[in-house]
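Comments concern the structure below.
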Amino acid sequence: MVRQGISRRAFLARSAAAAAAWTVVPRHVLGAGQPAPSETIAHAIIGVGGMGMGHVGYVKNDPIGRLLAVCDVDAQHLARGVKAGGCEGHEDFREVLDRGDIDVVHVVTPPHWHALIAVAAANAGCDVWCEKPMTRTIGEGKYVIDAVRRNARVFRLNTWFRLHSGLYGLGCEAKPLKKLIEAGLLGWPLTVRVTPSTGFGWKLGMWSGRTNAKPEPVPAHFDYDMWLGPAPYKPYFAHRTHGSFRGYWDYDGGGLADMGQHYLDPVQYLLDKDDTSPVEIEALAPWPPHPDAVGLWGRVEMTYADGCKIILESGEWGDPIDPDPPYIEGPKGKVFKGFRTEPADLKDALATLPDPAPMISEFNISVKTRRPFGLNEGNGNRSNMLVHLANAAIRTGRKLRFDTVAELFVGDDEANRLVDQPMRAPWTL
Amino acid sequence: MRPKDVRMIAWCCFALLPFALFAADGAPAAGVKDLVAALPAAKAADGQAIAAKIVALGPEAIETICGMLADPETGGDAKARFALHGLALYVTRPNAEAERAMFAGKVLEALAAEGRPEVKAFLVEQLQLAGKDEAVDALGKLLCDDRLGDPAALALTRIGTPKAAAALAGALGAAKDRRLVAIVQALGVLRAQGAAKDLLALAKRGDPTLHRTALRAIANIGDASGAEVLAKAAGPDGDADRAFATDQLILFARRRAEAGAKDECAKICRDVIAAQDDAGEAHVVCAALRTMAYGVGADAKNDIIRKTQSENTIIRETAKSLAVRCGMMPDEEGFTCLFNGEDLTGWTGSVKGYLVEDGKIICLKRGGGNLYIDKEYGDFVFRFEFKLTSGANNGLGIRAEKGKDAAYHGMELQILDDTADMYKNLQPYQYHGSIYGVVPVKRGHQRPLGQWNVQEVIAKGPHIQVILNGEKVIDADLDAYIEMKDGVPQSKTDHRAHPGIKNPKGYIGFLGHGAHVEFRNIRIKEL
């Protein structure tokens, strides 16, 4: 579909003057309790596979959300999404962006497409709700940040644990931990351990790729070339795609990339590291990695300049892991799974401690007020980088040093090849 | 045994050693195959040691492994793929150029002899890691191949040398359709100046994908010759996808500014802004404003300030945030940004002792000294954020005389890591936030070391207030702490002369004392 006329999108500011330009449908026409269209937010979902269907649910359950379109390169997924969404369907995300009536674009494709679609959506004047990991490589993150900010858009990732909800098997939320830390009760620096023993399973086996798969015919309903997009062509077999793409470096980064931002973004928040990255990263994993299929790892240790550390353990490879290490450990105190603390009465202080700085935790508020969501393109990119720093150490098999300002590895060209990876034409950032 | 016999036996063993590496059937490959079978290893160090052993076996070993590759229909070559990929990673470590060259040479030989497209693709992928100029010719010849054109273009992009760019440009004539698009994209990514003129012609061709890719490449290369075609594409008689073309024009403006053509950048951005009169393209105006702000700097101030009055909310907010970030406008009512986030414009004194990085002013450990804002202030509200390192000692001078010790010729508000062991026995008027030597501070309100602290200093005549992380830690009338002795003000607290403490105005600055301290978000409102 050729883009029309002068502008890609009639971009309407959320001001009184602009609101007058809408044809406002009186409430009584819509029925009691219905928000008027000018108060609702129009959504489109790009990628309606497994996770995409979850996004259909998000919009359907949002009283001011209207789902106008879904998009997929698999005709069967698309049909299913159209049916569930009760909306229009598109095969090409560029058609979705051309519509001109979408406020929020959900990017629910595999990660190798995230940056391209997020940037295109921001350039089209849409806000972005992006799946994790935010991008497939470290280098792509800055393009998303730039596009979002240049176009004055709001951006959120589909993770939320620094904002609310229990931290998986840990047994508490981020907020009380943040209060303890900000009050200095644990001391500084801190070490955080993200392992099955502290309540975080990495699902490595589930998301390993196959090294021996034979090519299969591409199903007629599946546009494999478009699904690949910027990724290099490799002969098709089903395991590359849909439910198992996480097992292939070309599209994602295994279990570490799957759960990484869910687990590590709240850690980054707790350690007050939203504006920086670790300076040293080291992994224990088999070596060399397979060029195509993601495999297992045992441990990754990431150290910040001020001595804070994040330690990842999988328990799925290598030596047995400590069954009960502290989740957070500082010179003055520790917090274990189940919110056990040392000293034991650390929690008692919580009642009198001030709350941490407030964050916007409802995306609709960001969309309407234009103020950044609590987990946005800036801090979200930093936790995205944690995932890829870890994978870089796993793939190179070396202790890596990272320049947190230049966002490049120090003295390691090979690791830097993983940072900026050129895309298959015609796709480029 | 006699020594001579020992030497004879030793010599025989030595001479026969190479044969010991061969299997009983005489094939030289067996040692290699055992090594390949041992990959991946459980420890990176072991894996790299195995890679080293393979490399030590020489070029034939690489050749053997290449020979173990199978096409995916046949399969069974996972180990060989682990090994070749591992070798590509291994030989590209620092200071191993000879090994890399040997490896790349053998991969090229295998590529030349190989017939199976998927195996060739895999070999080209290893050249994406390990190839340099020696691979360019062979890769250039693959650019028009349907299967291998993309991986070859990516390999040449990775190699990125002038020779690689020339090989890409050289294939422009013969390539068609997607092959041509891939080459044009690679030239754009490489910012190949030499191809700029060829791309102008390609941008005029009918194919929309080629046109877009060429526009993008021309914009990214940023050669002056691209101005006309980009302006036309973004103009009213230009592309159907005018928005894309405008994005490329804005990118081009940024590149022109980077090349030193700031006036050209400003003109392009102004033209783009002027062309977006209706509210329909607010995001384009924002993009152009931002490009101007960062490309052109202070000369863009009027354009940005003008847009802070825009009727359009988005444009107004973007312009305001740019003005703040670039030190052009107050962020809070009545406040002026003192630090533009980019450099020490507006600051004077020990500029070499401080570093600007990532929106912060950093006092260097082996640097420091007194860094002043180049203007005197009398009564004011001063706000800033700071982050300490262990044992840090710094200070905020206010109403200070340049070139003198601000603590006595003005005032010094202490900046200190209160938690450091070496400071455990200080006086209350020496801890963080205190008016050094004069007014003791209410302690205990610093954030844990390594976290950012927020501080506000309100100076109105003799009334000084310091608010640290929301808590008022100093609320002092200086007159209560001073007595005159022989016409010179003296602190009743440390019993020393503080000649400058009653200065009605003076300089504000950071007083570095040899520790790494970071500052950001520095602004002031005069009262």
Side-chain angles (χ1 to χ4, degrees), chain A residues 2-15 17-18 123-125 149-153 181-182 184 187-189 211-215 232-233 235 272 275 283-292 295 306-308 318 370 395-398 405 411 413-414 417 422 424-426 428, chain B residues 39-44 47-48 51 72-73 75-76 78 81-82 85-86 89 92-94 118 125 129 150-151 153-154 157-158 178 181-182 185 188-189 209 212-213 216 236 240-243 247 279-283 286-287 290 311-314 317-318 357-358 389 447-452:
Chain A
V2 175
R3 293 170 192 233
Q4 298 302 315
I6 296 168
S7 59
R8 184 191 289 128
R9 180 171 187 269
F11 188 97
L12 290 162
R14 288 164 184 82
S15 67
N123 283 340
R149 293 182 181 172
R150 258 191 314 124
N151 292 293
R153 300 294 89 207
I181 292 170
E182 285 194 323
W188 200 263
T211 60
N212 58 358
K214 299 249 163 48
Y233 173 79
D272 198 16
D275 60 355
L284 289 176
W287 195 87
H290 192 268
D292 185 36
D306 68 352
C308 285
R370 313 312 299 160
R395 293 174 82 178
T396 57
R398 282 194 293 284
V405 174
D413 284 346
E414 190 194 304
R417 282 171 185 275
R424 185 174 71 125
T428 186
Chain B
L39 292 174
K43 286 202 176 106
Q48 286 165 8
E73 301 284 353
R81 288 178 181 242
F82 270 111
H85 182 67
L89 294 172
T92 49
R93 71 192 190 284
E118 289 305 325
E125 282 161 12
L129 295 173
D150 277 327
L154 284 181
T157 304
R158 282 285 197 202
R178 278 186 88 158
V181 169
Q185 177 160 312
V189 168
T209 305
R212 284 172 69 94
T213 308
R216 173 69 186 199
D241 192 349
R242 193 174 164 193
D247 286 344
E281 294 288 353
H283 57 289
C286 293
R290 191 181 161 92
E311 279 180 6
N312 180 291
T313 317
I314 308 299
E317 293 303 315
T318 299
E357 186 183 84
D358 213 20
T389 52
R447 290 277 201 84
L449 200 61
Q451 295 187 18
W452 284 97

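Protein chains get the first letters and strands the later ones, always in sequence-line order, with residue 1 at the start of each.
In this structure, the portions of A/E182 lying under 4.5 Å from any heavy atom of chain B include both its backbone and its side chain. If you measure heavy-atom distances from B/Q48 to chain A, the contacts under 4.5 Å come from both the backbone and the side chain. With a 4.5 Å cut-off on non-hydrogen atoms, B/V189 touches chain A through its side chain but not through its backbone. At a 4.5 Å heavy-atom cutoff, the contact between B/R81 and chain A is made by backbone and side-chain atoms alike. Neither the backbone nor the side chain of B/P151 has a heavy atom closer than 4.5 Å to any heavy atom of chain A. At a 4.5 Å heavy-atom cutoff, A/N212 makes no contact with chain B through either its backbone or its side chain. Contact annotation for B/E73: both backbone and side-chain heavy atoms come within less than 4.5 Å of a heavy atom of chain A. Of the atoms belonging to A/P289, heavy atoms from both backbone and side chain fall under 4.5 Å from chain B.
Ranked by non-hydrogen atom pairs under 4.5 Å with chain A, the options B/G75, B/P72, B/A182 are led by B/P72. The greatest number of non-hydrogen atom pairs below 4.5 Å with chain B, out of A/G397, A/A425, A/A283, is found for A/A425. Interface remark: of the candidates B/L129, B/L39, B/T92, B/L129 forms the most heavy-atom pairs closer than 4.5 Å to chain A.
Contact check for A/L284 versus B/K43: no side-chain heavy atoms found under the 4.5 Å cut-off. In this structure the side chain of B/E125 never reaches within 4.5 angstrom of the side chain of B/H85, judged on heavy atoms. By the 4.5 Å heavy-atom criterion applied to side chains, B/R178 and A/P426 are counted as neighbours.
Of all the heavy atoms in A/P422 and B/L154, the pair that sits closest is CB-CD2, 3.5 Å. Residue A/Y233 comes nearest to B/E118 through the heavy atom pair CE2-OE2, 3.9 Å, listed as atom of the first residue, atom of the second, then distance.
Between the side chain of A/W287 and the backbone N or O of A/R395 there is at least one donor-acceptor pair closer than 3.5 Å. A distance-only check finds no donor-acceptor pair linking the side chain of A/W188 to the backbone of B/P448 [under 3.5 Å].
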